[in-house]
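Below: the structure, in structure tokens.
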Amino acid sequence: MDATGTSATQALIAKEARYGARNYAPVPVVVDHAKDCLVWDVEGKEYIDMMSAYSSVSHGHLHPRIVAAARRQLEQVAVMSRAYYSTTLGALLEKLSQLTGFERALPMNTGAEAVETAIKCARRWGHRVKGIPDGQQRILVARGNFHGRTTTIIGFSSEQDYRAGFGPFDGGFDHFDYGDIESVKAATSANTCAVLIEPIQGEAGVLVPPPGFFQALREWCTQNNILLIDDEVQAGLGRTGRWFAFQHEGIRPDALILGKALGAGLLPVSAFCADDKVMSVFVPNSHGSTFGGNALAAAVALEGLKVLEEEGLVEHCAEKGEYLFRRLREVQAEVRPLIRDVRGRGLWIGVDIDPSCTTARDLVERLALAGVLSKETHETVIRFAPPLTITTELMDRAVEIFRRVVVEKHRELGLDRA
Ligand SMILES: *Cc1c(COP(=O)(O)O)cnc(C)c1O
């Protein structure tokens, strides 16, 4: 408290609220500093980060090796633009190629920019390689998709909050029902050049596709000369317990979009990855980004990939993910019918709340008060996606707090006596 009785938290929240656009409704926690899976607010209170910035902080906050790599690069050079070569970008591209199995990568900054890159690539490929008249290329997207916030991308969102009032939208997209191959077939036309899809729909509520869907989709795309573009901005780089979520499906897409964790918790770094036969539609002047692939970003991303590999974080995630899933299922059984479903893969779990009991947001705020950071998606789903470095001991602490919060809610609602 200061002399006027205002806490540091209140003062900082008030300042953001007073001068910022109102495009977010943050959970009322003011973060002061963080280390690995723990976060401290300005009052000194400790939290377990079970959100990790939507998977951007998969390595844990301020991983010492990544911070050291950034520091080293900051003694050298940070930003020169792609007008020149750098000492770090080539090594990052090579590493991405080794890990993804794709021949080339095009670096951008945010996830949305990498998605835009994919859309441009698909359309030009559709015209120049597939022979669709220019301007008539169409891309299939799933209902409930989330691919970012640019005007093109929200133009094919099925979420009214993301779209309303932001038109006109430029079209060229057709929708299918996620996980339904018949719906994909019905939406396909001769002008379809690509399917753009998330391997698990995150924003839609951590929806895992039905078994066999991706294999059928892969076959359909191959038969019809359609590019299968896999948006793993959130799912990629270990989050699901495999390096890439498509590996769970036993398929290989034609192109892969990475972001979030690619920046290793320090910077926005994204990439569009594909083989040469697809990537070669890009020639000088056809696409670019001033900051994309800058020397600092490349140094950080490269070190981040090495940390995932050398610290075995992908395998660690698979193991810890199964544990967290099991523990959350136990909590579900204790508070019937408050939790409708627990689903996900690896350390990416959605807890679906029965809306007749309460909202996900209510529980997210109670969890924050109790020292666990999570985030709701839509009205009913609480998302848990801790750093991949999380220990069993910390997960036990977080689950115990979650259990207390939902058991209390259960009691408040009189469900324990029902
Ligand atoms: C977050 C996300 C994006 C957009 O990334 P930004 O960095 O916010 O632009 C795109 N696709 C998916 C699947 C995402 O989760």
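Ligands are counted one by one from 1 in listed order, and the atoms in each one are counted from 1 as well.
Nearest to atom 7 (O) of ligand 1 by heavy-atom distance, out of A235, G111, G202, A112, is G111.
K260 NZ, 2.9 Å is the protein heavy atom nearest to atom 14 (C) of ligand 1. Considering only non-hydrogen protein atoms, atom 11 (N) of ligand 1 sits nearest to D231 OD2, 2.7 Å.
With salt bridges taken as basic N to acidic carboxylate O contacts below 4.0 Å, none links R72 and E75. The residues R340 and D354 are annotated as not salt-bridged, no charged nitrogen and carboxylate oxygen being separated by less than 4.0 angstrom. Using a 4.0 Å cut-off between charged side-chain N and carboxylate O, R65 and E310 make a salt bridge.
Considering E159, Q234, E203 in turn, E203 is the only one that fulfils the side chain to side chain contact (heavy atoms under 4.5 Å, CB included) rule with F146.
At least one test fails for R252 against the ring of F244: distance under 6.0 Å to the centre or angle within 45° of the axis.
Less than 4.0 angstrom separates some heavy atom of T110 from each of these atoms of ligand 1: 7 (O), 9 (O).
Residue Y54 places every heavy atom at 4.0 Å or more from ligand 1.
In terms of N/O distances under 3.5 Å, ligand 1 is not approached by G148.
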